[in-house]
Amino acid sequence: MPALSEVLSALDALWPAERAEAWDAVGTVCGDPEAPVQRVLFAVDPVQEIVDEAVKIGADLLVTHHPLYLRGTTTVAASTFKGKVVHTLIKNDIALHVAHTNADTADPGVSDALAGALDLRVLRPLVPDASDPAGRRGLGRVCELDHPMTLAEFARYAAERLPATAQGIRAAGDPDRTVRTVAVSGGSGDSLFDDVRAAGVDAFLTADLRHHPASEATQKSPLGLLDAAHWATEWPWCEQAAAQLDEISDRHGWDLRTHVSRTVTDPWTAHAASSPTPDSPGAPN
């Protein structure tokens, strides 16, 4: 059974902290380096529901994509929801490790897992990492579909392939536009529109698209947009990351038990589609 420090060294090799964005907060939040690790839980969000799940399954280590404290804090009091997370982890001898933007740009990274969930063929990074001479690391991925679909068909396909959420998939652009190539980026991606247009793809699938950037993007080009739930675009990474740790465990003879949380921590819980009536086909008067 490995010590936490050994497992963390392996995770740091997969997702080096120095490759995270300067504003990010990655690495180990809590945990005794000498403590033994046998069971590891992977999840997107370090929220109380996930921590309670880690306690329930007897996990020694929780690995999440999103940071617990992205900005500084002056308290970990259990009266705050993040403080309660810390207290629960420490009381139950569970370590917490975060791989965020350093996992986004990794090879394989978050967008590789997203492309894999959609059965897309990855061609190259959308925004290559200049420090990678092999040209495999970077933000987002440019991909090909196995066969062309219309934008509407691809939206329905993505909704079937990605984890179910209240939001589902929103699409912008001509529903009948043929999609052969698509850029994908797990998490919030509307800062990447210039790179997407430069890539010359037919569509862009990401999350958290805002009105004005999306409107401007569709006005500038015939690019199709697909907006999925943030959590849904990043959850496939948990399975990919668990498989990577499984391979390392087998190689070292650690006999770790890895688990992927199926708990939906997307904050949106309901969706009501608009249904115009004959008397009100568009905007209200």
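Reckoned from all heavy atoms, side chains included, excluding hydrogens, waters and symmetry mates. Numbers here are sequence positions counted from 1.
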Looking at R121, R124, R141, which one forms a salt bridge (charged side-chain N to carboxylate O under 4.0 Å, His left out) with D112?
R141
Can R251 and E247 be counted as an ion pair, charged N to O under 4.0 angstrom?
yes
Can you tell whether the side chains of R257 and D255 come within less than 4.0 Å, N to carboxylate O?
yes
Could you tell me whether the side chain of [Y] reaches within less than 4.5 Å of the side chain of [X], counting heavy atoms only?
X: P2; Y: H252; answer: no
X: P175; Y: T150; answer: no
X: V86; Y: K82; answer: no
X: I248; Y: W254; answer: yes
X: T206; Y: F193; answer: no

State yes or no: do [X] and [Y] share one hydrophobic cluster built from I, L, V, M, F, W and Y residues joined by side-chain heavy-atom distances below 4.5 Å, directly or via other members?
X: L14; Y: L114; result: no
X: F42; Y: V47; result: no
X: L162; Y: L209; result: no
X: L223; Y: L123; result: yes
X: L120; Y: L226; result: yes

Can you tell me how far [atom2] of [Y] sits from [atom1] of [X], rounded to the nearest 0.5 angstrom?
X: E6; Y: E34; atom1: CD; atom2: CD; result: 9.0 Å
X: H230; Y: W268; atom1: NE2; atom2: CH2; result: 13.0 Å
X: T269; Y: Q167; atom1: OG1; atom2: CD; result: 12.5 Å
X: D60; Y: D93; atom1: CG; atom2: CG; result: 8.5 Å
X: T218; Y: D174; atom1: OG1; atom2: CG; result: 11.5 Å
X: T28; Y: L4; atom1: OG1; atom2: CG; result: 6.5 Å

side-chain contact (heavy atoms from CB on, under 4.5 Å) partners of T263, counting only residues at least two apart
E49, I50, E53, S261, T265
Over all atoms of both residues, closest heavy-atom pair of [X] and [Y]:
X: A199; Y: V142; answer: CB-CG2, 4.1 Å
X: Y157; Y: M149; answer: CG-CE, 3.8 Å
X: A217; Y: L225; answer: CB-CD1, 4.3 Å
X: P236; Y: A117; answer: CG-CB, 3.9 Å
X: A228; Y: T233; answer: CB-CG2, 3.6 Å
X: A242; Y: V260; answer: CB-CG2, 3.7 Å

Report, as yes or no, whether the 6.0 Å neighbourhood of atom CZ on R136 holds more than 12 heavy atoms from other residues, nucleotides or ligands.
no
If you draw a 6.0 Å radius around CZ in R262, do more than 12 non-hydrogen atoms from other residues or ligands fall strictly inside?
yes
Just checking, any donor-acceptor pair under 3.5 angstrom between side chains of T105 and D129?
no
Pairing donors with acceptors under 3.5 angstrom, does anything connect the side chains of R137 and S131?
yes
Between [X] and [Y], is there a donor-acceptor pair closer than 3.5 Å when you use the side chain of the first and the backbone of the second?
X: S249; Y: L245; value: no
X: H65; Y: A43; value: no
X: N102; Y: W15; value: yes
X: N92; Y: I94; value: no
X: Q240; Y: G109; value: yes
X: E239; Y: A113; value: no
X: T80; Y: V76; value: no
X: R39; Y: I57; value: yes
X: R210; Y: D208; value: no
X: T165; Y: A229; value: no

Stepwise, does the side chain to side chain contact (heavy atoms under 4.5 Å, CB included) test hold for V44 with C238?
CA-CA 7 Å; V44 175; C238 296; 3.9 Å; yes
Among V196, L192, D194, side-chain contact (heavy atoms from CB on, under 4.5 Å) partner for V127
L192
Take D107 and D132 through the side chain to side chain contact (heavy atoms under 4.5 Å, CB included) test and state the conclusion after the steps.
CA-CA 10 Å; D107 172 33; D132 177 21; 5.7 Å; no
Anything under 30° is parallel, anything over 60° is perpendicular, the rest tilted; go ahead and classify W235 against W231.
tilted
Name each donor-acceptor pair under 3.5 Å that joins a side chain in residues 178-187 to protein atoms two or more places apart or in another chain, with its distance.
residue, atom, partner, partner atom, Å
T181, OG1, D202, N, 3.2
T181, OG1, D202, OD2, 3.4

